[in-house]
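Please read the structure below before turning to the comments.
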Amino acid sequence: MNLLVFTKRVPATQEEELRIVDEGRAVDLSKVPFKVNDWDNYAVEEAVRIVEKTSGTVTAISIGDAESDEVLRRAIAMGAKDGFLIEIDQILHDPGARATVIQNFLKKENVPFDAIFTGVQSEDDQFGAMGGILAAKLGLPFVSMVIGIDAFESDHVIARRELEGGLQERVKVMLPCVISIQTGINEPRYVSIMGVRKASKVERKFFKGKEYEDNLNPGIEVVKWVYPARKGGATMLTGEMDGICKDLIGILKEKGVYQ
Amino acid sequence: MSYTLVVAEVRRGVFEERNLDSIGIAALLQKSIVLLMPDGAYEMKGNLVNIAIKATVQEEIFLNPLNFITILEKVMTSRGKPDVIVFTHSSSGAELASYVAGHFDMPLITDVSGFDKETNVFYKSYYSDKIFGEFRQAGSGPCVVTVRSGSFKEHAVEKGPAETVALEDITLAEGRSFIEYVEEEKGEIDITKAEFLLSVGRGIGNKDEIDDYQELAGLLRATLSGSRPVIDKMWLPKAQQVGTSGKTVKPKVYLAMGISGAFQHIAGMKDSDCIIAVNKDPEAPIFQYAHYGVIGDANKLRDKLKDIVKG
């Protein structure tokens with residue numbers, strides 16, 4: 001079983017203050033640390049668990065700048081056999097354009113696979129669309145929001161996908177297919193710095209993105225970046241911690257939930 | 001005919017409330033609105049649009065991306081290509097939209113929460129709602145969008161009875177098939193009944209902190225709940241998850257500690273009477289929805305609160 005997993009290097013913006021620069025044409029990420037996309041971490045773990053139980057190999061693939069080699073090393077440290085980096089020197093905001101590059105790459109390089117794993121979405125652009133677009137372009141069955149894989153056989157997968165309100169849908173999907181993995185499906189294994197260092201000895205293959213740009217016509221364009229519209233906002237409790245806590249308890253008492 | 005195609009989501013026979021946002025953006029686009037839906041809840045909402053097309057298949061078949069392609073091909077053969085195809089930004093809506101965009105090579109913008117009629121610009125969230133991108137279609141032809149729940153509901157209008165058209169003879173795909181719906185196991189704690197929820201998120205740091213929050217919840221007579229990352233990491237049971245994929249709650253007080261406020265979480269708690277948010281990041285989106293806010297380390301505040309309550 002050959003499983004491909006797409007993994008992306010994204011800015012860790014959770015606790016960062018982001019600034020729009022260049023009159024709305026760019027977001028300043030120069031001081032923001034980067035990390036592996038959370039969803040992809042679960043996707044790599046799931047693919048590795050499957051080949052550990054059955055047989056075969058996992059290949060991690062990333063599309064991005066040279067720094068993205070970092071996420072491939074991490075995937076290898078988690079159990080992927082090797083890693084391919086499709087190097088591009090521009091940010092492709094259009095998920096359709098990214099999928100086109102990948103489609104061309106898989107075809108031109110004749111990469112064999114039984115299933116492709118992606119994260120449901122990436123933390124930066126939140127499109128949640130790459131897996132579906134790629135599957136359709138390749139003419140393959142697709143299942144997204146997968147929160148459980150109950151069986152992975154030679155010709156099909158039984159997967160549970162997450163719906164809203166705690167409901168799940170169990171589906172049968174024939175191989176080859178594309179599967180988008182939701183967070184919480186597993187507990188990704190811990191990877192030590194030593195492990196990543198060791199993984200860097202495993203050869204990764206680097207490909208020039210320009211080779212795979214046939215029919216690359218972005219369907220959408222960014223006009224500009226803007227800050228979210230501010231709503232009313234909260235009344236902030238400020239001052240020393242003691243005072244803040246007393247104010248907070250006062251609110252709880254006023255609302256009648258604490259005496 | 002120029003028209004906007006709205007793809008309805010029907011789940012276990014219920015016309016989902018979030019479809020009103022899809023119809024809302026269609027109303028903003030000022031085009032004739034055609035609603036495409038599976039059998040079942042068809043009769044309910046036909047009056048919100050100009051034309052309702054009923055695909056004569058059940059929702060499980062309709063919501064399968066492989067079958068949906070066939071259904072859409074039939075619609076486009078009979079009515080021509082729509083200008084915009086609108087889906088909800090839900091599990092199924094996002095799944096269908098991406099597959100449609102890939103199959104028909106149509107541009108796609110997902111998680112749209114705003115639209116400017118003057119400039120034809122769609123607003124889309126980036127970086128957990130900290131920045132928004134204004135996007136425009138680059139070429140011509142049909143464009144696919146998915147719509148964030150709660151963003152366009154106010155534009156939905158009653159239009160009177162719709163023309164109804166049935167879509168027959170749909171050949172089903174073999175690559176993916178529905179087996180069953182699976183209900184989540186009920187937990188011991190029902191967070192939907194709590195008047196006071198103490199909810200924790202990724203910002204509390206690690207699993208070891210949970211016991212201290214449990215103790216604080218006990219002291220305050222609150223019920224402990226969590227946001228998605230906490231449940232994903234198995235720090236709390238799934239039944240205690242607040243959000244679109246967990247539970248929707250409406251307590252008197254929702255005290256959110258270390259929760260930044262992904263929109264899926266906000267959707268599950270925004271109707272609480274009083275929301276108090278504690279977060280290190282002053283830019284955290286949750287402060288936009290909170291009534292009271294504290295900028296600071298949730299764990300330090302927790303310890304101080306415990307000391308004060310214990311006396």
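Values reported hereafter were calculated over all heavy atoms of this structure, with side chains retained and with hydrogens, waters and symmetry mates removed. Each chain gets a letter, A, B and so on, in the order its sequence line appears, and its residues count up from 1.
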### Query
At a heavy-atom separation under 4.5 Å, does Pro218(A) approach chain B through its side chain, its backbone, both, or neither?
backbone
### Task
Give a yes or no answer on whether the side chain of Arg11(B) reaches the backbone of Leu163(A) with a donor-acceptor pair at less than 3.5 Å.
no
### Cationic tip of Lys124(B) above Phe127(A) ring, under 6.0 Å, 45° of axis
yes
### Query
So what's closer than 4.5 Å to chain B heavy atoms on Leu237(A): side chain, backbone, both or neither?
both
### Query
Contact part of Ile249(A) toward chain B, heavy-atom cut-off under 4.5 Å: side chain, backbone, both or neither?
side chain
### Summary
The complete set of ring pair (Phe, Tyr, Trp, His ring centres under 6.0 Å) pairs with one or both residues in residues 161-189 of chain A, sequence neighbours excluded, reads none
### Query
Lys300(B) versus chain A, heavy atoms under 4.5 Å apart: side chain, backbone, both or neither?
both
### Task
Kindly state each residue pair satisfying ring pair (Phe, Tyr, Trp, His ring centres under 6.0 Å) with at least one member in residues 218-257 of chain A, sequence neighbours excluded.
His93(A)-Trp225(A), Trp225(A)-Tyr126(B)
### Message
Can you tell me which portion of Ile158(A) sits under 4.5 Å from chain B's heavy atoms? Options are side chain, backbone, both or neither.
### Response
side chain
### Summary
When the 4.5 angstrom heavy-atom criterion is applied to Leu134(A) and chain B, the contacting part is neither
### Query
What residues of residues 168-177 of chain A sit under 4.5 Å from chain B when you count only heavy atoms?
Gln168(A), Glu169(A), Arg170(A), Val171(A), Lys172(A), Val173(A), Met174(A)
### Task
State, without any angle test, whether Arg228(B) and Thr183(A) hold a side-chain donor-acceptor pair at a distance under 3.5 Å.
yes
### Query
Is a side-chain donor or acceptor of Gln126(A) paired with a backbone partner of Tyr127(B) at a separation under 3.5 angstrom?
yes
### Task
Under 4.5 Å, heavy atom to heavy atom: which of residues 142-156 of chain A reach chain B? Give them by number, or say none.
Phe142(A), Val143(A), Ser144(A), Met145(A), Ile147(A)
### Heavy-atom pair of closest approach, residues Arg176(B) and Arg161(A)
NH2-CD, 3.6 Å
